[in-house]
Novice: 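Below is a structure I'd like to ask you about.
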Amino acid sequence: EYLFNREDGTKIWLRREVRPWYLKDGSVGGVIIFSEDISDRKLSEQTLRESEELFRSFSDNINSLAWMADHSGWIYWYNQRWYDYTGTSFELMQGWGWQAVHHPDYVDMVVEFVKTAWSKPEIWELTFPLKSASGEYRWFLTRAVPVLTPEGKITRWIGTNTDVHEQVLSRQALEVSENRFRTLVEEAPVATCLFTGPEHRIEIVNHSMLSLMGKGKSVIGLPLKIALPELIPQPFLEELDYVFRTGLDYENRNQKAELVVEGDSKTYYFDYIFKPLRDKDGNVYAILNMTIDVTTHVLSQRELQQREELF
């Protein structure tokens, strides 16, 4: 195979084959030269090489770990980032060898999940920890995309593993913090409730507050004005709006409240505080409410005052 220069200056690829031809006595009488224009094949081969080099360069330099598997999930290729991170080799990782770098607490779950996922022509995602060459486990988000025939059959899988370690740890820390906060609210010695958003949805509420409201847990998740519509003409919703808008604490004492309990309207008196909670950007996202029922005290004081006025 060689590059041939034409008279017009253009170049083509030729494949030349030289074969002997024989005389009747078996001796070589000469040669036959066959020439074939293979320019199209050479161009296709060059295009394929360039495509493979581009793919290899791209896949080895992306931030994610990457891999390819056949239709059954047998992994036959990893990018260089995979080997750099795991410190392994293809001989160890091919097929189902990837289990060796999975955390023992999660590997059975992952294996069970992918055995089902490989059989479905659908994109899937899963988050799990992978062991690095240093022995550290970091959380990765795996996303796998099936390559399908026109008939919808799986021919192979292309997948990536993206490092989401910090995000997972932050989410876990937030969940722990939220659980602690929820426990504090639920176990608070006074009636306590957390309202979220401008609609003041009842996010967390303890038993003492539910008793004051005369409601059950069904009110959780509802805007306060829906859960207790009798509050609409009263000052409480406007006070919550003020706190959410300004970010300032609000406190009131001996405030009269009309609540519907078991179908009957009843009068109460409360001491309460609305305290705004802010997100990391400083914006108010919720209001913590702590309330004390002072109805007995207020009525006693009024009765005492009325008696004193009589004398």
Novice: Does I204 have any side chain to side chain contact (heavy atoms under 4.5 Å, CB included) partners at least two apart in sequence or in another chain, and if so, which?
Specialist: F181, R182, V185, E186, L194
Novice: Would F128 and H102 count as a ring-ring contact (aromatic ring centres under 6.0 Å, His included) here? Give the steps.
Specialist: CA-CA 8 Å; F128 47 74; H102 277 247; 4.6 Å; yes
Novice: May I ask you to check whether T149 and T155 show a side-chain donor-acceptor distance below 3.5 Å?
Specialist: no
Novice: Test your reading of the model: is there a side-chain donor-acceptor pair from T246 to the backbone of L248, 3.5 Å cut-off?
Specialist: yes
Novice: What about the rings of Y242 and F244, do their centers lie closer together than 6.0 Å?
Specialist: no
Novice: Please evaluate residues W82 and N161 with respect to the criterion side-chain hydrogen bond (donor to acceptor under 3.5 Å, both in side chains), reporting the C-alpha separation (whole Å), side-chain torsions for both, the decisive distance (0.1 Å), and the verdict.
Specialist: CA-CA 9 Å; W82 175 276; N161 304 82; over 6 Å; no
Novice: On a heavy-atom basis, which atom in F90 and which in I75 lie closest, and how many Å separate them?
Specialist: CE1-O, 4.4 Å
Novice: Any idea which heavy atoms bring S72 and W96 closest together, and the distance?
Specialist: O-CZ2, 4.4 Å
Novice: Judged by atom type as modelled, is there a donor-acceptor pair below 3.5 Å linking the side chain of N79 to the main-chain atoms of A66?
Specialist: yes
Novice: So which pairs with a foot in residues 123-149 pass salt bridge (charged side-chain N to carboxylate O under 4.0 Å, His left out), sequence neighbours left out?
Specialist: E125-R143, E136-R138, R138-D163, R138-E166
Novice: So which atom in G216 and which in L210 form the shortest heavy-atom distance, rounded to 0.1 Å?
Specialist: O-CD2, 3.5 Å
Novice: So, do Y85 and Y78 have ring centers that fall under 6.0 Å from each other?
Specialist: no
Novice: Under 6.0 Å from the NE2 atom of H207, do we count more than 12 heavy atoms belonging to anything else shown?
Specialist: no
Novice: Which heavy atom of G247 sits nearest to which heavy atom of P276, and what is that distance?
Specialist: O-CG, 3.3 Å
Novice: Please check if the distance between the ring centroids of W124 and F113 is under 6.0 Å.
Specialist: yes
Novice: Quick check: closest heavy atoms across L212 and A191, and the distance to 0.1 Å?
Specialist: CD1-CB, 3.5 Å
Novice: Please check if the side chain of E230 supplies one atom and the backbone of V260 the other of a donor-acceptor pair under 3.5 Å.
Specialist: yes
Novice: Assess whether a salt bridge exists between D70 and R156, defined as any Lys/Arg side-chain N lying under 4.0 Å from an Asp/Glu carboxylate O.
Specialist: no
Novice: Does atom CD of Q167 have more than 12 heavy-atom neighbours from other groups under 6.0 Å away?
Specialist: yes
Novice: Taking NZ, NE, NH1 and NH2 as the nitrogens, is one of them in E178 or R180 under 4.0 Å from a carboxylate oxygen of the other?
Specialist: no
Novice: Within the supplied structure, the quantity of interest is the number of heavy atoms (other residues, nucleotides, ligands) at a distance under 6.0 Å from H165 NE2; does it exceed 12?
Specialist: yes
Novice: Under the 3.5 angstrom rule, does the side chain of N283 hit a backbone N or O of D279 as a donor-acceptor pair?
Specialist: no
Novice: Would you say T192's side chain and A188's backbone share a donor-acceptor pair under 3.5 angstrom?
Specialist: no
Novice: Identify the residue among D293, N289, N252 that makes a side chain to side chain donor-acceptor pair (under 3.5 Å) with Y272.
Specialist: N252
Novice: Is the side chain of T267 donor-acceptor paired with the backbone N or O of E258 at a distance under 3.5 Å, no angle test?
Specialist: no
Novice: Between L224 and L240, which heavy-atom pair has the shortest distance, and what is it?
Specialist: CD2-CD1, 3.6 Å
Novice: May I ask you to decide whether R201 forms a salt bridge with E203, counting only side-chain N to carboxylate O separations under 4.0 Å?
Specialist: no
Novice: Mind checking the CD-OH spacing from E239 to Y250? Nearest 0.5 Å is all I need.
Specialist: 3.5 Å
Novice: Ignoring hydrogens and geometry beyond distance, is a side-chain donor-acceptor pair present between H200 and D241 at under 3.5 Å?
Specialist: yes
